2 protein chains.
Amino acid sequence: MKLNEFIAINGTSLTKEAGEYLFRQGDHDQSLYIVKSGLLKAYYLSADGKENIKSFILPGSNIGSLMASYAGKPSTFSLVCLKPCELTVLQFAALYEASRTDAEISAAIVDFLLGFGIKKEVREYELLCLSAEDRYKKLVENTPEILNLVTQNEIARYLGITPVGLSRIKKRLAS
Amino acid sequence: MKLNEFIAINGTSLTKEAGEYLFRQGDHDQSLYIVKSGLLKAYYLSADGKENIKSFILPGSNIGSLMASYAGKPSTFSLVCLKPCELTVLQFAALYEASRTDAEISAAIVDFLLGFGIKKEVREYELLCLSAEDRYKKLVENTPEILNLVTQNEIARYLGITPVGLSRIKKRLAS
DNA sequence: TTGTGGAATTAACCCAAGTTAAAAGTCATG
DNA sequence: CATGACTTTTAACTTGGGTTAATTCCACAA
């Protein structure tokens with residue numbers, strides 16, 4: 001079976017308003033979410049209340065907690081809608097089962113996970129090797145569309161710095 | 001076929017001395033390496049010659065450049081032996097092919113990639129959310145054995161700081 | 001035993017980013 | 001258009017970690 005077909009059969013539709021949560025840090029939500037429209041953010045909240053943004057999720061991409069879905073542990077991050085969202089929801093277990101019995105689905109999952117791995121490696125590289133300023137420059141260069149979708153506050157939290165810090169970086173680059 | 005069998009049939013043995021490279025940043029090495037014994041490090045070298053360590057690879061784990069193997073791009077990091085190593089080498093393409101035709105192998109790959117994804121997410125979390133000091137404390141707590149295997153210099157480069165910085169952190173924690 | 005070379009520590013100085021707080025800008029809503 | 005709630009900028013001060021260089025510590029070889 002094609003992955004698309006599988007999703008059409010097994011997925012359910014869901015709409016959410018801006019501000020609504022799909023799951024929160026600590027939850028055991030074992031769903032995968034496919035974004036049809038809207039915008040979401042995945043973020044960590046530290047013990048002292050500081051927010052760090054893991055990623056923004058745009059239409060066409062997917063998100064879910066691997067920790068909760070595959071490892072059976074509480075999710076390490078929260079997932080919230082920044083804009084009204086239309087989603088397709090799939091149970092991780094259903095897809096995982098299908099990957100065990102259907103070669104076409106298994107192949108699609110392998111490709112998805114390989115692509116996912118590369119994305120994670122890129123993010124790891126940026127956080128390990130680049131300065132905040134370089135990360136900002138790279139963001140402006142590679143995905144400028146994000147800049148119009150979220151506040152600067154959120155860009156900063158994605159880059160791993162504070163809004164004040166990002167404001168200073170912008171000033172530095174402008175001169 | 002079991003993944004183990006596949007590796008036994010398709011893998012080739014390789015031994016390397018400390019200091020020898022398996023590939024260098026920029027290479028298009030499309031091999032996967034399974035570590036039987038020894039110790040390796042994967043690291044990025046920045047334009048101004050600074051080293052940042054992506055990971056240490058211990059016996060029982062695997063490594064290869066996803067960028068080179070799957071995306072066909074130059075590897076973003078180098079892979080070098082820190083101790084003499086016994087390795088099994090596998091061509092990524094062979095394994096990928098096999099995953100397309102053999103359900104058991106495909107299942108094993110899916111599990112491997114899911115585990116890999118979780119590891120990358122943990123590292124991403126640490127780099128995004130924790131201070132260098134917290135990252136060091138977590139390392140001491142979770143994988144203290146590493147501390148005896150590599151120099152403090154290398155621990156520092158793995159944590160994303162300089163050896164001088166790490167020395168200060170240790171002093172701070174000792175008092 | 002004594003060099004010798006790398007590893008780790010320490011010191012002095014510097015800078016990027018954090019923190020706090022105030023000011024200025026932006027925008028939606030009554 | 002006025003109010004209030006954010007968002008962004010700016011300023012002043014603090015701090016963690018970088019840089020450079022000197023010093024101390026080892027381990028190992030001659």
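Here is the naming used below: chain letters follow the sequence lines, and residue numbers restart at 1 for every chain. All values reported here derive from a predicted model rather than from experimental measurement.
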Taking atom P of C/dG18 as reference, at what distance in whole Å does atom CG of B/D134 sit? 15 Å

Base D/dG16 paired with B/R172 side chain (donor-acceptor, <3.5 Å): no

Nearest-angstrom distance from the residue atom NZ of A/K50 to P of C/dA17: 17 Å

A/N148 CG to C/dC27 C1', in whole Å, measures 17 Å

Starting at the 5' end of DNA chain C, which residue's closest nucleotide do you reach first, B/P163 or B/R168? B/P163

Here the distance between atom P of D/dG18 and atom CD of B/E51, to the nearest Å, is 14 Å

Look at B/D102 together with B/K2 and state whether they make a salt bridge at an N to O cut-off of under 4.0 Å. no

Return no unless some side-chain N or O of A/T162 is found under 4.0 Å from OP1 or OP2 of C/dG18. yes

Could you tell me whether B/S167 contacts a base, only the sugar-phosphate backbone, or nothing, with contacts defined as non-hydrogen atoms closer than 4.0 Å? base

Nearest-angstrom distance from the residue atom CD of B/E154 to C1' of C/dG6: 12 Å

Candidates D/dT10, D/dG17, D/dT9 - which lies nearest the side chain of A/K170: D/dT9

Please state whether the phosphate of D/dT7, meaning OP1 or OP2, lies under 4.0 angstrom from any side-chain nitrogen or oxygen of A/T151. no

Looking at the side chain of A/V164, which of D/dT20, D/dA11, C/dA8 is the nearest nucleotide? D/dA11

Looking only at the side chains, is there a donor atom on one of B/T76 and A/E121 sitting less than 3.5 Å from an acceptor on the other? no

If I take atom CG in residue A/L166 and atom P in nucleotide C/dT19, what distance separates them, rounded to the nearest angstrom? 15 Å

Indicate whether the side chain of B/S106 and that of A/S106 have a donor and an acceptor atom separated by less than 3.5 Å. yes

Tell me: CD of A/E133 to P of C/dC15, nearest whole Å? 14 Å

Does B/L79 offer a backbone N or O that forms a donor-acceptor pair with the side chain of B/R24 under 3.5 Å? no

Any idea how A/F23 and A/Y33 line up, ring-wise: parallel (<30°), tilted (30 to 60°), or perpendicular (>60°)? tilted

Between C/dT9 (C1') and B/Q152 (CD): distance, integer Å: 9 Å

